[in-house]
Amino acid sequence: MKDKARIAVLVSGGGTNLQALIDAQKAGLIPHGEIVTVISNKEGAFALERAKKAGIEAVTILKSDCGSTEEFEDVIGDSLEFRKIDLIVLAGFLAVLSENFVKRFQNRIINIHPSLIPSFCGDGMYGLKVHNAALARGVKVTGATVHYVNEITDGGEIILQKAVDVLPGDTPATLQKRVMEEAEWKLLPQATEIVCQKIIKETSADEYL
Ligand code: GRF
């Protein structure tokens, strides 16, 4: 029986959420999963350094090397299948995945979004834009959401959410920092463990069929 789900983390940038996952794994907080590879679609993303430092395989797959979006997704998908990945965690992965890709890994992809979905999410809503929109609307509470990825941007089933206060004088940058520290870095490891447990349970049930 398999005791750990094999996790791939897909990144594009600094990788603070990846770091939270690595730290949680080291602290024994993801007992049902193991990060086996980190894939970046941006050359030189600092997240790759974080992976290497933790002794995790770090791979770069560039769309510009693949030709079309379809080929790019095929290369990523084949690399994931080759590594027998059970769970794909999008941690600041700045590429929208097509319906085809999502179907290939149905219920096996999760994403972290820096707001309380369904607020401030959807196409084009990423990074500081999300916090900008929250401040412009004047909400007093925002937060982060971990959800399954389906064919609708930020539209998949919600796994965990955590609220964070918006404080007077906040800028998009100060709000982003608070949402990361108080919500994202805690929520992503917790949700990852929840989904890994579920995958392990399903795979062991399948073995008895
Ligand atoms: C985070 O705000 C995450 O919610 C969003 O992209 C950002 C990634 O930051 N999806 P990092 O690369 O993990 O530091």
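Both ligands and their constituent atoms are indexed starting at 1 by order of listing.
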Of the non-hydrogen atoms in V179 and G143, which two are nearest, and what is the gap between them?
->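 Nearest pair, atom of V179 first, then G143: CG1-O, 3.4 Å.
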Main-chain N/O of A45 paired to S40 side chain as donor or acceptor, under 3.5 Å |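 No, the answer is negative, given that no donor and acceptor are paired below the 3.5 Å cut-off.
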Would you find a donor on one side and an acceptor on the other, under 3.5 Å apart, between the side chain of E184 and the backbone of N17?
->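 No; judged by distance alone, with no hydrogens or angles, the pair does not exist.
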Who pairs with F105 by ring-ring contact (aromatic ring centres under 6.0 Å, His included), at least two apart in sequence or on another chain?
->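 Checked F105 against ring-ring contact (aromatic ring centres under 6.0 Å, His included); matches are F101.
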Nearest-0.5 Å distance, CG of residue L21 to CG of residue L188 |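 Result: 4.5 Å between the selected atoms.
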So which heavy atom in the protein is nearest [atom], and how far is it from that ligand atom?
{"atom": "atom 9 (O) of ligand 1", "result": "M180 CE, 3.5 Å"}
{"atom": "atom 14 (O) of ligand 1", "result": "T16 OG1, 2.6 Å"}
{"atom": "atom 13 (O) of ligand 1", "result": "N17 N, 2.9 Å"}
{"atom": "atom 8 (C) of ligand 1", "result": "G92 CA, 3.5 Å"}

Within-cut-off N or O pair, [X] and ligand 1, under 3.5 Å:
{"X": "I112", "value": "yes"}
{"X": "H113", "value": "no"}
{"X": "G15", "value": "yes"}

Mark up the atoms of ligand 1 that fall under 4.0 Å of a heavy atom belonging to G14, in ascending order.
->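 Contacts of ligand 1 toward G14, numbered from 1: 12 (O).
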Within reach of ligand 1, part of E184 (heavy-atom separation under 4.0 Å) |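 The answer is the side chain.
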Apart from V141 itself, residues in the same hydrophobic cluster as defined by side-chain heavy atoms under 4.5 Å =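 Members besides V141, by chain and number: L116.
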Do D78 and R104 have side chains that get closer than 4.5 Å, going by heavy atoms?
->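 Answer yes - side chains close enough.
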